[in-house]
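Have a look at the structure below, then the notes.
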There are 2 protein chains.
Amino acid sequence: MPQAEQDRSVFRAIADPTRRAILDRLRKGPAPVNELASAFAQSRPAISKHLRILRELSVVSERRQGRERVYRLEPAELKDVADWILPYRDFWQQSLGNLKSYLEND
Amino acid sequence: MPQAEQDRSVFRAIADPTRRAILDRLRKGPAPVNELASAFAQSRPAISKHLRILRELSVVSERRQGRERVYRLEPAELKDVADWILPYRDFWQQSLGNLKSYLEND
DNA sequence: ATAATATGTAACCGAATGGATACGCATTAT
DNA sequence: ATAATGCGTATCCATTCGGTTACATATTAT
């Protein structure tokens with residue numbers, strides 16, 4: 001039986017906590033690899049692999065500057081996540097509403 | 001060297017497309033396992049395993065009803081995802097703004 | 001009582017994941 | 001010209017993942 005078709009969506013990209021931390025860092029502005037890697041206990045090649053995944057999913061872009069590679073956040077693809085989560089918002093707002101009326105009517 | 005500490009966050013839960021589809025289905029209302037499983041080509045035990053992961057992360061709850069187990073969406077934990085994605089929204093709104101002014105001023 | 005139904009779990013398996021180390025290749029410094 | 005720096009890639013390895021089939025257990029139907 002064939003495996004489930006590879007899920008190369010941005011949901012996989014943000015499943016890893018290291019990659020989320022990289023993205024969080026890049027929100028403050030572009031950064032070269034060594035700076036990104038210095039924030040983690042892992043080896044630099046490990047960070048390179050994470051960056052590659054983020055690159056391939058277009059969540060970050062890279063531009064060469066001298067011998068450095070400066071990475072920049074490209075959040076457009078993250079919109080898929082925001083769009084997916086959106087309808088669920090109604091649910092926990094509704095739950096909050098239920099709690100509110102429960103507290104008020106009791 | 002120890003492996004990365006297990007990421008048992010809801011981000012892992014929604015990384016799998018089958019689990020996202022289960023959650024999407026449950027937005028329409030609670031459902032027993034067989035009904036959930038009938039939507040997929042996979043075996044029922046495979047779905048049971050997905051449900052277990054969602055259960056352990058409190059993204060769904062289960063109540064026994066006769067010999068069925070009815071699963072219900074518990075979206076509170078999904079708020080972590082919504083909270084995480086929120087600051088990125090500013091970025092793509094900003095990008096849209098840049099595009100808009102580019103189009104207008106050219 | 002027995003059979004059928006609904007579902008979870010155990011055991012197993014191949015592929016993917018995330019890490020490490022070793023190496024190669026540009027680019028910059030000396 | 002040579003050394004040092006920055007970073008990607010190749011290879012390897014253990015663990016996790018997502019699937020399967022076989023089985024166990026509880027509930028309902030006959």
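All chains are named by letter (A, B, ...) in the order of the sequence lines, taking the proteins before the strands, and each is independently numbered beginning at 1.
Checked against D:dC7, D:dT20, C:dT7, the side chain of A:Asn34 finds its nearest nucleotide in D:dC7. Checked against C:dT17, D:dT20, D:dT9, the side chain of A:Arg8 finds its nearest nucleotide in C:dT17. Of the candidates C:dG8, C:dG19, D:dT21, the closest approach to any side-chain atom of B:Tyr71 belongs to C:dG8.
Looking at heavy atoms from C-beta onward, B:Ile47 lies in side-chain contact with B:Gln42 at the 4.5 angstrom threshold.
The shortest distance between the side-chain N/O atoms of B:Ser43 and the OP1/OP2 oxygens of D:dG19 is not below 4.0 Å. In this model, the phosphate group of D:dT9 is approached by a side-chain N or O of A:Arg52 to a distance below 4.0 Å at OP1 or OP2. Side-chain N/O atoms of A:His50 include none lying less than 4.0 angstrom from OP1 or OP2 on C:dT17. Close to C:dG18, at under 4.0 Å from its OP1 or OP2, lies a side-chain N or O of B:Arg12. Checking the phosphate oxygens (OP1, OP2) of D:dG18, a side-chain nitrogen or oxygen of B:Arg19 falls inside 4.0 Å.
Distance CD (A:Gln65) to P (D:dG6): 13 Å, rounded to an integer number of Å. A:Ile47 places its CD1 atom 16 Å from the P atom of D:dG6, with the value rounded to the nearest Å. Between the CZ atom of A:Arg63 and the P atom of D:dC7 there is a distance of 12 Å, rounded to whole Å. A:Arg67 places its CZ atom 7 Å from the C1' atom of D:dA4, with the value rounded to the nearest Å. Spacing between atom CG of A:Leu54 and atom P of D:dC7 amounts to 16 Å, rounded to whole angstrom units. Regarding B:Glu56, its CD atom lies at a distance of 11 Å from the P atom of D:dC17, rounded to whole Å. Residue A:Asp16 contributes atom CG, which lies 11 Å from atom P of C:dT17 at whole-angstrom precision. Rounded to whole angstrom, the span from the CD atom of A:Glu68 across to the C1' atom of C:dA26 amounts to 13 Å.
Of the two residues near DNA chain C, B:Leu51 and A:Arg64, the one whose nearest nucleotide lies more 5' is B:Leu51. Mapping A:Gly66 and B:Ser48 onto DNA chain C via the closest heavy atom, the residue that lands nearer the 5' end is B:Ser48.
A salt bridge between A:Arg8 and A:Glu56 is absent, with no side-chain N of the basic residue lying under 4.0 Å from a carboxylate O of the acidic one.
A:Ala46 comes within contact range of the sugar-phosphate backbone alone, with a heavy-atom separation under 4.0 Å but no base atom that close. In this structure, A:Phe40 reaches neither bases nor backbone, as no heavy-atom distance under 4.0 Å exists between it and the strands shown. Using a 4.0 Å heavy-atom cutoff across all strands shown, B:Pro32 reaches sugar-phosphate atoms only and no base atom.
Figure legend: cation-pi geometry between B:Arg20 and A:Phe11, with NZ or CZ positioned under 6.0 Å from the six-membered ring centre and within 45° of its axis.
Donor-acceptor pairing under 3.5 Å, judged by distance alone, is present between the side chain of B:Arg44 and the base of C:dG8. At a cut-off of 3.5 angstrom, counting only N and O atoms as typed in the model, there is a donor on one side and an acceptor on the other between the side-chain of B:Lys49 and the base of D:dG19.
Here the closest non-hydrogen pair linking A:Pro75 and B:Tyr88 is CB-O, 4.5 Å. In plain terms, the two heavy atoms of B:Ala15 and A:Arg12 that are nearest each other are O-NE, 4.0 Å.
Screening A:Lys49, A:Glu62, A:Arg19, A:Glu77 for a side chain to side chain contact (heavy atoms under 4.5 Å, CB included) involving A:Leu54 leaves a single residue, A:Arg19.
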